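Both counts, for ligands and for their atoms, begin at 1 and track the order of listing. Since this is a predicted model, take the numbers as computed values, not measurements.
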Amino acid sequence: MDHISTDNSQQFASDNYSGICPEAWEAMAEANHGHATAYGDDPWTARASNLFRDFFETECEVFFAFNGTAANSMALASLCQSYHSVICASSAHVETDECGAPEFFSNGSKLLTAQTIDGKMTPESIRALATSRGDIHFPKSKAVTITQSTETGRVYSVDEVRALSATCRDLKLHLHMDGARFSNAMASAGCTPAEMTWKSGVEVLCFGGTKNGMAVGEAIVFFDQALAQDFDYRCKQAGQLASKMRFLTSPWIGMIQSGAWLRNAQHANAMAQRLSGAIEGVPHASIMFPVEANAVFLVASEDHLEQLRTRGWRFYTFIGGGARFMFAWDTDPARVDQLANDIREIMG
Ligand SMILES: *Cc1c(COP(=O)(O)O)cnc(C)c1O
């Protein structure tokens with residue numbers, strides 16, 4: 001194969017810039033022997049599904065999709081009719097980064113967005129939206145989606161999730177969790193996956209494998225099995241049923257059995273702490289949101305941010321205007337230190 005040259009100096013614009021972690025890679029290689037039945041009727045998929053049941057300590061239904069946009073969209077579509085609405089934060093990925101896929105997959109269920117200070121929904125924000133209209137001219141509220149950890153790098157505590165789900169129950173709304181960075185939240189939260197989800201009233205979780213260190217793949221976990229009815233058909237119709245499913249599911253076995261799911265997230269979170277700690281007190285830089293997962297949002301003048309770009313750093317500023325730095329399982333601490341030094345030199 002021709003050599004394709006890459007720039008190996010790490011960038012932190014997205015945690016998806018990282019590659020595949022060894023545990024996921026090896027599990028895929030192990031599954032790559034001989035033939036196996038296609039479309040998920042294979043021993044790796046059965047094993048992965050059972051591991052999720054152990055992981056969450058309950059008889060959940062598990063499905064696998066290629067990416068988070070599809071996972072979220074199919075999950076929300078399964079909770080709603082076309083005339084329903086889904087309540088989310090205005091900064092939610094489903095609203096800002098899925099190109100209308102949740103509305104498309106649900107044949108028109110409308111997203112109702114709550115303004116938040118830091119990306120976190122509150123019981124009050126849900127109640128205000130859900131009760132704002134009760135007439136036939138407005139879509140009927142049916143579900144709430146929260147992101148764990150949030151797009152702003154914050155983590156809902158178990159108590160906060162419980163308070164949200166109590167509000168949902170009261171208002172007869174389903175509760176979905178976008179867990180594209182569920183592992184990062186778990187590394188920070190100090191509770192069990194079961195406590196963070198079904199024991200706190202979450203009915204469906206989209207559990208992200210990609211940002212956690214896999215090549216590709218998200219698991220859709222239904223804690224309320226009745227809600228999973230016919231979901232396999234929905235996956236197939238959406239073009240999300242992998243024929244060589246074992247390569248989507250075997251990495252989960254590697255990730256969960258080896259503990260890499262948590263180690264990877266702990267490392268990523270630690271790298272966010274490393275950066276935020278190193279730039280604390282820099283006169284012309286401030287940190288926008290409490291650093292609780294693997295994100296740091298830097299607030300600085302446009303001139304200073306441009307100087308950072310000139311030094312070769314890449315980052316996005318589409319969330320709240322801050323410069324976002326995301327860390328991954330393979331983040332090199334020395335590279336974080338370089339970034340911190342550049343920030344200190346420019347903004348000190
Ligand atoms: C990355 C991400 C997703 C999934 O995005 P895809 O690119 O579709 O895999 C979903 N939700 C959040 C909050 C994300 O950050």
Is there a side-chain contact between Ser276 and Glu280 (heavy atoms, below 4.5 Å)?
no

Is the NZ or CZ atom of Lys120 positioned over Tyr156's six-membered ring, under 6.0 angstrom from the centre and within 45° of the axis?
yes

Contact set, ligand 1, heavy-atom distance under 4.0 Å, ordered by chain/number, equals Asn67, Gly68, Thr69, Asn72, His93, Glu98, Thr147, Glu151, Asp178, Ala180, Arg181, Lys211

Heavy atoms, side chains only, cut-off 4.5 Å: are Glu95 and Ser90 in contact?
no

Rounded to the nearest 0.5 Å, what's the gap from CE on Met214 to OG1 on Thr249? Could you check?
8.5 Å

Holding to side-chain contact (heavy atoms from CB on, under 4.5 Å), I want the full list of residues that pass it with Ala27, two or more places apart in sequence or in another chain.
none

Measuring only between side-chain heavy atoms, which start at C-beta, is Arg314 closer than 4.5 Å to Tyr17?
yes

